[in-house]
Novice: 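Just passing along the structure, written as structure tokens.
Proteins get letters first, then strands, A, B, ... in listed order; numbering begins at 1 in each.
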2 protein chains.
Amino acid sequence: MTDRTGTNATPIKTAITGEDGVDLSIIELLFFAYRDFTSDPDQILAEYGFGRAHHRVLHFVNRMPGLTVAELLDVLQITKQSLARVLKQLIDTGHITQVQGEFDRRQRELYPTEKGRSLALALARPQSRRIRAALGSSSATEREGIERFLKAMVNPELRAQIDKLPGNASGKEHGNE
Amino acid sequence: MTDRTGTNATPIKTAITGEDGVDLSIIELLFFAYRDFTSDPDQILAEYGFGRAHHRVLHFVNRMPGLTVAELLDVLQITKQSLARVLKQLIDTGHITQVQGEFDRRQRELYPTEKGRSLALALARPQSRRIRAALGSSSATEREGIERFLKAMVNPELRAQIDKLPGNASGKEHGNE
DNA sequence: AAATTTATGTCAGCCTTGTTGACATATTTA
DNA sequence: TAAATATGTCAACAAGGCTGACATAAATTT
């Protein structure tokens, strides 16, 4: 007999399992791995009064110097109003500078300053250390398997963004450095 | 000549690279992979007026039925006030029920209802589909490499949480089950 | 040349989800 | 009986998303 709301509030006491072949273990591994992966830079950021949003902006400006505001919005997939707040702070604190576009003077090209470059590196270092430790004794082949998997997790339309980053050229597998 | 604020705002035009052996490509792959991985359930959640916080609570209550509030706080690493809001909504909408602890009646054991179980599965399915597609033709060995890497990314003290989940027993590598 | 579109900026207000601090209640433990 | 514990709840605040509206300058189209 169910209750008057039509809801059956009977507790289910058995754990969910990969009933329909649902891959729970990798789902959870991704959750925990990402949670701890992002916790590394959080402490450094706090000293600057910055958050993760600043980190992402700073990272991609360092990786793609000269990218425009519109391009950055595309990578981050947020609205310009969201970006504006953190970008303004990064500019005011001298981590990023804007340069008027050479051909299209409406555009603002974003570049890191020395200060911004150095902070970006400081943020990347503990993350990189964690990755190196996690790879541990993995072979080059294993590393490739991991990279292939992670890249395949990205929406196909957006994989181009990854290829655009220096060192991630799609021609990589052909050995042309 | 630097400006009067002592800040050198000169734009750096070269992209950051793995200068000190910093592993930028995996850092970025994790960012993009996680971004798209979490976008799958977001659409379903929106139909219920739920967010990612609800998803996490629902997921772990389904994976560890009967866990107490304190245990859940430990897994999620948030404060009880944060949890209270979303948990209340999940209880009010009949996705989760509370049962008074049998031995310690101060405790509230959390269980999914049929409704909650079914939503948890609906949320896991597209994520699982994405994972399956990403694994593609990967061999069992490759999958193990990926799982080992992700697990190693988690803080050592917290790896116990993963082992506690059904199907993730640490004895797995001995081939039992 | 005028009209339209585009790239960016900005103001105002709202939502979710995290935080801290304080305090209440029931229950268990010392 | 007193103290500690598990949970709940109130209030206030912050970060970082969002939408909608409007402004400006520059490029493009008509």
Novice: How many angstroms lie between atom CG of L29(A) and atom CD of E147(B), to the nearest 0.5 angstrom?
Specialist: 6.0 Å

Novice: Please confirm whether the shortest side-chain N or O distance from H54(B) to OP1 or OP2 of dT16(C) is below 4.0 Å.
Specialist: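 Answer is no, no contact under 4.0 Å.
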
Novice: Nucleotide range of DNA chain D contacted by chain B, 5' to 3', under 4.0 Å to a heavy atom?
Specialist: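 Nucleotide range with atoms under 4.0 Å of chain B: dT5(D) to dC10(D).
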
Novice: With a cutoff of under 4.5 Å between side-chain heavy atoms, which Ile, Leu, Val, Met, Phe, Trp and Tyr residues group with Y111(B)?
Specialist: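 When side chains under 4.5 Å apart are linked, the cluster holding Y111(B) also contains V99(B).
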
Novice: On a heavy-atom basis, which atom in V57(A) and which in L90(A) lie closest, and how many Å separate them?
Specialist: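 In terms of heavy atoms, the two residues are closest at CG1-CD1, 3.6 Å.
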
Novice: Could you tell me whether the side chains of E28(A) and H59(B) share a donor-acceptor contact shorter than 3.5 Å?
Specialist: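 Note: E28(A) and H59(B) side chains meet the donor-acceptor criterion.
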
Novice: Mind checking R52(A) for me? I need base, sugar-phosphate or nothing, with any heavy atom below 4.0 Å counting as a touch.
Specialist: sugar-phosphate

Novice: Report the relative orientation of the aromatic rings in Y48(A) and H95(A); use parallel for angles under 30°, tilted for 30 to 60°, perpendicular for over 60°.
Specialist: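 Ring orientation of Y48(A) relative to H95(A): perpendicular.
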
Novice: Looking at residues 57-84 of chain B, who's got a heavy atom less than 4.0 Å off DNA chain D?
Specialist: T68(B), V69(B), A70(B), K80(B), Q81(B)

Novice: Any base atoms under 4.0 Å from Q98(B), or only sugar-phosphate, or nothing? Heavy atoms, all strands.
Specialist: sugar-phosphate

Novice: Closest-nucleotide mapping onto DNA chain D: is Q89(A) or R106(A) further toward the 5' terminus? I mean the 5' end.
Specialist: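 The residue mapped nearer the 5' terminus is Q89(A).
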
Novice: Indicate, with a heavy-atom threshold strictly under 4.0 Å, whether F103(A) touches base, sugar-phosphate, or nothing.
Specialist: sugar-phosphate

Novice: For a salt bridge (charged side-chain N to carboxylate O under 4.0 Å, His left out) check, start with the C-alpha distance between R143(B) and D23(A), then their side-chain angles and the critical distance, and finish with the verdict.
Specialist: CA-CA 12 Å; R143(B) 189 201 159 99; D23(A) 202 326; 2.9 Å; yes

Novice: Could you go through D92(B) and K88(B), starting from their C-alpha distance and side-chain angles, then the distance that decides it, and tell me whether this counts as salt bridge (charged side-chain N to carboxylate O under 4.0 Å, His left out)?
Specialist: CA-CA 6 Å; D92(B) 288 350; K88(B) 188 175 190 317; 3.0 Å; yes

Novice: How many whole angstroms separate atom CG of D42(A) from atom P of dT17(C)?
Specialist: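 About 18 Å, once rounded to whole Å.
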
Novice: Quickly work out the Q107(B) CD to dT25(C) C1' distance and round it to whole Å.
Specialist: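 That distance rounds to 16 Å.
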
Novice: Are the aromatic rings of F60(B) and F31(A) close, with centres under 6.0 Å apart?
Specialist: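 F60(B) vs F31(A): aromatic centres under 6.0 Å.
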
Novice: Think R85(B) has a side-chain N or O under 4.0 angstrom from the OP1 or OP2 of dC15(C)?
Specialist: no

Novice: Should R129(B) and D20(A) count as an ion pair when the cut-off is N to O under 4.0 Å?
Specialist: no

